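Everything below concerns the one structure shown next.
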Amino acid sequence: MENFKFGKTLETLRRENGLTQQELAFRTGLSQASICQWERDASSPNCDALLRLSRFFDVTSDFLLGEMDARGDCNVRYKELNDEQQMFVHMWNGLSRTQRNILFDIMREWID
């Protein structure tokens with residue numbers, strides 16, 4: 001995936017949200033080194049990273065990749081979550097599929 005618009009788009013979105021690379025890394029569960037490389041167009045994100053970034057910034061992956069000019073609209077508006085909810089999303093993103101299923105089972109027991 002060679003797209004030289006991605007890095008500039010990512011940097012612009014990050015700056016518009018008043019975030020450093022380190023803050024973006026923490027909030028998305030990605031590494032600061034990767035974000036730095038992507039912004040310099042030294043490498044490209046994998047699908048998981050692209051999905052995390054599009055959800056975080058509330059844009060489509062097509063917009064991030066420079067395939068469309070309009071930002072689009074995602075159902076999840078990460079920046080509208082409070083700090084506790086953002087921390088939950090951050091921790092959730094770090095879980096494996098098995099861990100997520102276990103957590104779902106525990107939550108269902110508490111709710112019922």
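Just so you know, these numbers come straight off a predicted model, no measurement behind them.
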Measuring from [X]:[atom1] to [Y]:[atom2], what's the distance to the nearest 0.5 Å?
| X | Y | atom1 | atom2 | result |
| --- | --- | --- | --- | --- |
| W38 | S43 | CH2 | OG | 7.0 Å |
| Q37 | L10 | CD | CG | 12.5 Å |
| E39 | T9 | CD | OG1 | 10.5 Å |
| R14 | L53 | CZ | CG | 11.5 Å |

Is any side-chain heavy atom of [Y] closer than 4.5 Å to one of [X]?
| X | Y | value |
| --- | --- | --- |
| Q99 | I102 | no |
| F56 | L13 | no |
| F26 | M87 | yes |
| T28 | F57 | no |

Name all residues meeting the side-chain hydrogen bond (donor to acceptor under 3.5 Å, both in side chains) criterion together with [X]; count only those two or more places apart in sequence or in a different chain, and write none if there are none.
| X | value |
| --- | --- |
| Q22 | none |
| S34 | S31 |
| R40 | none |
| D83 | none |

**Asked** Do side-chain atoms of E109 reach the backbone of I106 as a donor and acceptor pair under 3.5 angstrom?
**Response**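 No, because the side chain of E109 does not come within donor-acceptor range (under 3.5 Å) of the backbone of I106.
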Who are the side chain to side chain contact (heavy atoms under 4.5 Å, CB included) partners of [X], not counting sequence neighbours?
| X | value |
| --- | --- |
| L103 | F88, W92, L95, M107 |
| E23 | L19, T20 |
| A25 | Q32, I35 |

**Message:** Quick check on the hydrophobic clustering: are L64 and L51 connected, directly or via other members, by side-chain heavy-atom contacts under 4.5 Å?
**Reply:**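 In one cluster: no.
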**Message:** On a heavy-atom basis, which atom in R52 and which in L30 lie closest, and how many Å separate them?
**Reply:**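 Nearest pair, atom of R52 first, then L30: CD-CD2, 3.9 Å.
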**Request:** Check step by step if side chain to side chain contact (heavy atoms under 4.5 Å, CB included) holds for R108 and D105.
**Result:** CA-CA 5 Å; R108 281 187 196 110; D105 291 341; 3.2 Å; yes
